[in-house]
Enquirer: 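I have a structure here, written as C-alpha cells, and I will follow up with some questions on it.
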Amino acid sequence: MRILVTGGAGFIGSSVVRALAAAGHEVRVLDALLPAVHPGGRPPALPAGVDFRHGDVRDAAAVGRALAGVDAVCHQAAMVGLGLDLDDAPEYAGCNDLGTAVLLAAMARAGVRRLVLAGSMVVYGEGRYRCPEHGDVAPGPRRPAELDAGRFEPPCPVCGAPLLPGLVTEDAPGDPRNVYAATKLAQEHLASAWARASHGTVLTLRYHNVYGPGMPRDTPYAGVASLFRSALARGEAPRVFEDGGQRRDFVHVEDVAAANLAALAAVGARPPGSARAYNVGSGEVRTVGEMAGALAAAYGGPAPVVTGEYRLGDVRHITADSARLRAELGWVPRVPFAAGMAEFAAAPLRG
C-alpha cells in the first residue's frame, strides 16, 4: 500500500515509518517540523525511498497534495503532553482538532477511505476503580487540599473508602481531565463522523505511556520517561511527583509501531462507515516511581527523588486492558520492561 503518515518525522511517527518501510509499503510523510519537537527544524533520518513532504495538517493545500495516490492514512501528527498551562489550549486545539478536521475533509475529497488514528489512553481520565462496597465507581475531581496534604489516592465518591484500581476496557466512557485529553477525544469523534459521512473506516490506537530511543529531550510536552532520562543526562536525579505510586503501562515505541502495522493491515476489512478503538499497552502495570528507579539504575545515575509535588491535570492511575488488540489484530508486545528501560537508558535523546 501507499500510506501517508502525518507527523512521520516525530518520535512515534518515525518509528511507524521505519516499520512500514521494512514491511514493503510505499511511505509518504507529511510533517510540519514544529519547534517543540524539532528544535533544529530538521527531520530525522528516514529510510531510503520515503517521500518526505514539509507541511502542516492545518494547510488544506499541503494535505491535498500529500494525499494524491494514497491508499490509507496513519495520522500521528499531534501536539502531545500536558504542556504548561491553559495558554496552550488554542495551540492544542489547533494542532490536534483543526488539523484532524482539515485532514478528514481532504480525505473525503480525495476518496481515501482508510484511517488509522493515533489516540491516547488520556481520553479515559482516571482509570477503572472498584469500591469493596459500591462496586465500580468513577472518582470525582482531584482536590488541591487533599493533594497538598499528600493524600493522592482517590476515595470512593459514595463512602470515602479506599478504592482498588483496575484495567480499563475500550467501552469505558470518555472522561478527559485536561486540555490535551479533550482534544484527543475530539479527534476520535471527528474521525467517527468522517467514517459515517464518507463510508470510510477508522481504527483508533489508544497509546499508553510510550517510551524508547528518539524521544525529544527537555520539553514540557515530552512524556515522563523523557523528562527522567533528560535529568539523568544532566547528572540530576529524576524528580518523581506525588509519592511515585501512580500506576501506568509503559509500552515501547517499537511495539506501538507494530500495532500501527497491524491496524493498517486490518482497516480495509472493516465495514464501511465503522470506527473501532484499541488500547495499546504492554500489559505490565508499573508505577512511575518504579519506572524512574529502573531507568536510573540502568543509566547508572542518581536515584530518583520523590517530591510530593503534583499537577492538578494529572490522573492517579490509568492502565488498560489490551486484550482486544491481541485477539482481533494478532498484536503481541515484544519488548519487556527491563530490556526496554536498559535500551532507553543507553540511547540518545532527540534535540
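All values derive from a computational prediction rather than experimental measurement.
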Enquirer: What closest approach, in Å, do Ala263 and Leu329 show between heavy atoms, and which atom pair accounts for it?
Expert: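 Minimum heavy-atom contact is CA-CD1, 3.9 Å.
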
Enquirer: Would you say that more than 12 heavy atoms from the other residues, nucleotides or ligands in this model lie under 6.0 Å from the CZ of Arg151, or not?
Expert: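 Counting neighbours around CZ of Arg151, more than 12 heavy atoms of other residues, nucleotides or ligands fall under 6.0 Å, so yes.
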
Enquirer: Enumerate the residue pairs fulfilling side chain to side chain donor-acceptor pair (under 3.5 Å) with a member in residues 281-293, sequence neighbours excluded, ordered by first and then second residue.
Expert: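 Counting only pairs at least two positions apart or across chains, the side chain to side chain donor-acceptor pair (under 3.5 Å) contacts touching residues 281-293 are Asp249-Ser282, Glu284-Arg286, Arg286-Glu290.
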
Enquirer: Return each pair, listed once, that meets salt bridge (charged side-chain N to carboxylate O under 4.0 Å, His left out) where at least one residue sits in residues 185-194; pairs must be two or more places apart or across chains.
Expert: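 For residues 185-194: Glu188-Arg206.
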
Enquirer: For the atom pair CD (Glu170) and CG (Asp321), what is the distance rounded to the nearest 0.5 Å?
Expert: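 Going from CD on Glu170 over to CG on Asp321, the span is 7.0 Å.
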
Enquirer: Quick check: are there more than 12 heavy atoms from other residues, nucleotides or ligands sitting under 6.0 Å from NE2 of His54?
Expert: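 Above 12, so yes.
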
Enquirer: Once salt bridge (charged side-chain N to carboxylate O under 4.0 Å, His left out) is applied, what residue pairs with a partner in residues 121-133 remain, sequence neighbours excluded?
Expert: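 Salt bridge (charged side-chain N to carboxylate O under 4.0 Å, His left out) check on residues 121-133 returns Arg128-Asp136, Arg130-Asp136.
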
Enquirer: Could you list the residues that satisfy side-chain hydrogen bond (donor to acceptor under 3.5 Å, both in side chains) with Asp56, not counting sequence neighbours?
Expert: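 Checked Asp56 against side-chain hydrogen bond (donor to acceptor under 3.5 Å, both in side chains); matches are Arg58.
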
Enquirer: With Glu153, which residues qualify under side-chain hydrogen bond (donor to acceptor under 3.5 Å, both in side chains), at least two apart?
Expert: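 Glu153: side-chain hydrogen bond (donor to acceptor under 3.5 Å, both in side chains) contacts with Arg316, His317.
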
Enquirer: Assess whether side-chain contact (heavy atoms from CB on, under 4.5 Å) is satisfied between Met291 and Asn209, documenting all intermediate values.
Expert: CA-CA 11 Å; Met291 184 274 286; Asn209 291 75; over 6 Å; no

Enquirer: Between Val202 and Leu30, is there a shared hydrophobic cluster once you connect ILVMFWY residues whose side-chain heavy atoms come closer than 4.5 Å?
Expert: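 In one cluster: yes.
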
Enquirer: Please assess His25 against Leu261 for the test side-chain contact (heavy atoms from CB on, under 4.5 Å), listing each intermediate value before the final yes or no.
Expert: CA-CA 10 Å; His25 293 289; Leu261 201 64; 4.1 Å; yes

Enquirer: Is there a path of hydrophobic side-chain contacts, each under 4.5 Å between heavy atoms, that joins Leu205 and Leu190?
Expert: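 Unlinked, Leu205 and Leu190 end up in two clusters.
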
Enquirer: Taking all heavy atoms of Leu185 and all of Gly174, pick out the closest pair and write down the distance.
Expert: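 In this case the closest contact between Leu185 and Gly174 is CD2-CA, 4.3 Å.
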
Enquirer: Spell out, yes or no, whether Val224 and Phe152 are grouped together once hydrophobic residues are joined by side-chain heavy atoms under 4.5 Å, including indirect joins.
Expert: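 No, Val224 does not connect to Phe152 through the hydrophobic network.
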
Enquirer: Working to the nearest 0.5 Å, report the span between CD of Gln246 and CD1 of Ile318.
Expert: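 Between Gln246 CD and Ile318 CD1, I get 13.0 Å after rounding to 0.5 Å.
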
Enquirer: Same hydrophobic cluster for Tyr207 and Met341, using side-chain heavy-atom links shorter than 4.5 Å among ILVMFWY?
Expert: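 Linked, Tyr207 and Met341 end up in one cluster.
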
Enquirer: Can you list the residues that meet the side chain to side chain contact (heavy atoms under 4.5 Å, CB included) rule with Val285, with sequence neighbours excluded?
Expert: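 Val285: side chain to side chain contact (heavy atoms under 4.5 Å, CB included) contacts with Leu167, Arg247, Thr319.
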
Enquirer: Please report the closest heavy-atom contact between Leu104 and Trp194, naming both atoms and the distance.
Expert: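 That closest heavy-atom pairing would be O-CD1, 3.4 Å.
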
Enquirer: Phe344 versus Met215: any side-chain heavy-atom pair under 4.5 Å?
Expert: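 Yes; the side chains approach each other to less than 4.5 Å.
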
Enquirer: Find out whether Pro333 and His252 are in side-chain contact, i.e. whether some heavy atom of one side chain is under 4.5 Å from a heavy atom of the other.
Expert: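 Pro333 does not reach His252 side chain to side chain.
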
Enquirer: Return the set of residues passing side-chain hydrogen bond (donor to acceptor under 3.5 Å, both in side chains) with Asp255 (not counting sequence neighbours), or none when no residue passes.
Expert: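 Partners of Asp255 by the side-chain hydrogen bond (donor to acceptor under 3.5 Å, both in side chains) criterion come out as none, since no residue qualifies.
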
Enquirer: Measure the shortest side-chain to side-chain distance between Tyr180 and Asn96 over non-hydrogen atoms and say whether it is less than 4.5 angstrom.
Expert: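 They are in contact (side-chain heavy atoms under 4.5 Å apart), so the answer is yes.
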
Enquirer: Does a side-chain heavy-atom distance below 4.5 Å link Pro176 with Val122?
Expert: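 They are not in contact (no side-chain heavy atoms under 4.5 Å apart), so the answer is no.
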
Enquirer: What closest approach, in Å, do Gly127 and Val168 show between heavy atoms, and which atom pair accounts for it?
Expert: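 That would be CA-CG2, 3.6 Å.
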
Enquirer: Which word best sums up how the rings of Tyr211 and Phe250 line up, parallel for under 30°, tilted for 30 to 60°, or perpendicular for over 60°?
Expert: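 Because their plane-to-plane angle is over 60°, the rings of Tyr211 and Phe250 count as perpendicular.
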
Enquirer: How many angstroms lie between atom CE of Met1 and atom SG of Cys74, to the nearest 0.5 angstrom?
Expert: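 The distance works out to 9.5 Å.
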
Enquirer: Side chains of residues 7-24: which donor-acceptor pairs under 3.5 Å do they make with residues two or more places apart or in other chains?
Expert:
from  : atom 1 : to     : atom 2 : distance (Å)
Ser14 : OG     : Gly10  : O      : 2.6
Ser14 : OG     : Phe11  : O      : 3.3
Ser14 : OG     : Arg350 : NH2    : 3.4

Enquirer: Kindly indicate whether the side chain of Val29, heavy atoms from C-beta on, has any atom under 4.5 Å from the side chain of Leu46.
Expert: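 Counting from C-beta outward, Val29 and Leu46 do come under 4.5 Å.
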
Enquirer: Are the side chain of Ser226 and the backbone of Gly223 linked by a donor-acceptor contact shorter than 3.5 Å?
Expert: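 Checked: no pair found.
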
Enquirer: Given Tyr299 and Arg229, is the side-chain contact (heavy atoms from CB on, under 4.5 Å) satisfied, shown in steps?
Expert: CA-CA 9 Å; Tyr299 189 85; Arg229 177 65 176 76; 3.6 Å; yes

Enquirer: Return the set of residues passing side chain to side chain contact (heavy atoms under 4.5 Å, CB included) with Ala61 (not counting sequence neighbours), or none when no residue passes.
Expert: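 Scan of Ala61 (side chain to side chain contact (heavy atoms under 4.5 Å, CB included), adjacent residues dropped) gives Asp59, Arg65.
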
Enquirer: Suppose we screen for side-chain hydrogen bond (donor to acceptor under 3.5 Å, both in side chains). Which residues come up paired with Thr6, at least two apart in sequence or across chains?
Expert: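 side-chain hydrogen bond (donor to acceptor under 3.5 Å, both in side chains) check on Thr6 returns His75.
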
Enquirer: Nearest 0.5 Å, please: how far is NE2 in His134 from SG in Cys159?
Expert: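 Between atom SG of Cys159 and atom NE2 of His134 there are 5.0 Å.
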
Enquirer: Hey, does the side chain of Arg28 reach the backbone of Ala68 with a donor-acceptor pair shorter than 3.5 angstrom?
Expert: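 A pair under 3.5 Å: yes.
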
Enquirer: Quick check: does any side chain N or O of Thr201 sit under 3.5 Å from a backbone N or O of Val267, one acting as donor and the other as acceptor?
Expert: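 Yes; judged by distance alone, with no hydrogens or angles, the pair exists.
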
Enquirer: Okay, side chain of Ser322, backbone of Gly281: is any donor-acceptor separation there less than 3.5 Å?
Expert: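 Indeed, once roles are kept as given, a pair shorter than 3.5 Å links the two residues.
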
Enquirer: Asn279 vs Leu325, test: side-chain contact (heavy atoms from CB on, under 4.5 Å). Steps then yes/no.
Expert: CA-CA 7 Å; Asn279 292 325; Leu325 181 59; over 6 Å; no

Enquirer: What are the two closest heavy atoms between Ser192 and Ala275, and how far apart are they?
Expert: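 Heavy atoms of Ser192 and Ala275 come nearest at OG-CB, 3.6 Å.
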
Enquirer: Answer with yes or no whether the side chains of Tyr92 and Asn178 bring together a donor and an acceptor at under 3.5 Å.
Expert: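 Side chains of Asn178 and Tyr92: no pair found under 3.5 Å.
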
Enquirer: Just so I know, are the side chains of Val102 and Val57 near enough to count as touching, which here means a heavy-atom distance under 4.5 Å?
Expert: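 No - every pair of side-chain heavy atoms lies 4.5 Å or more apart.
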
Enquirer: When hydrophobic residues are tied together by side-chain contacts of less than 4.5 Å, even through go-betweens, does Leu147 share a cluster with Val306?
Expert: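 Shared cluster, no.
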
Enquirer: So how far is it from Leu117 CG to Asn260 CG, rounded to the nearest 0.5 Å?
Expert: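 It comes to 10.0 Å.
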
Enquirer: Can you name the nearest heavy-atom pair linking Cys131 to Cys156, along with the distance?
Expert: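 Reported closest heavy-atom pair: SG-SG, 3.7 Å.
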
Enquirer: Sequence neighbours left out, what pairs pass salt bridge (charged side-chain N to carboxylate O under 4.0 Å, His left out) with at least one residue falling in residues 325-339?
Expert: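 Matches after skipping sequence neighbours: Arg276-Glu328.
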
Enquirer: Once you round to the nearest 0.5 Å, how far does SG of Cys95 lie from CE of Met79?
Expert: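 Output value for this atom pair is 6.0 Å.
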
Enquirer: Per the salt bridge (charged side-chain N to carboxylate O under 4.0 Å, His left out) rule, what does the pair list look like for residues 158-169, sequence neighbours excluded?
Expert: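 Sorted pair list comes back empty.
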
Enquirer: For residues Val280 and His208, determine if any side-chain heavy atom of one lies less than 4.5 Å from a side-chain heavy atom of the other.
Expert: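 A side-chain contact under 4.5 Å is absent here.
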
Enquirer: Could you tell me whether the side chain of Arg324 reaches within less than 4.5 Å of the side chain of Thr169, counting heavy atoms only?
Expert: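 With C-beta onward as the side chain, the pair stays apart.
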
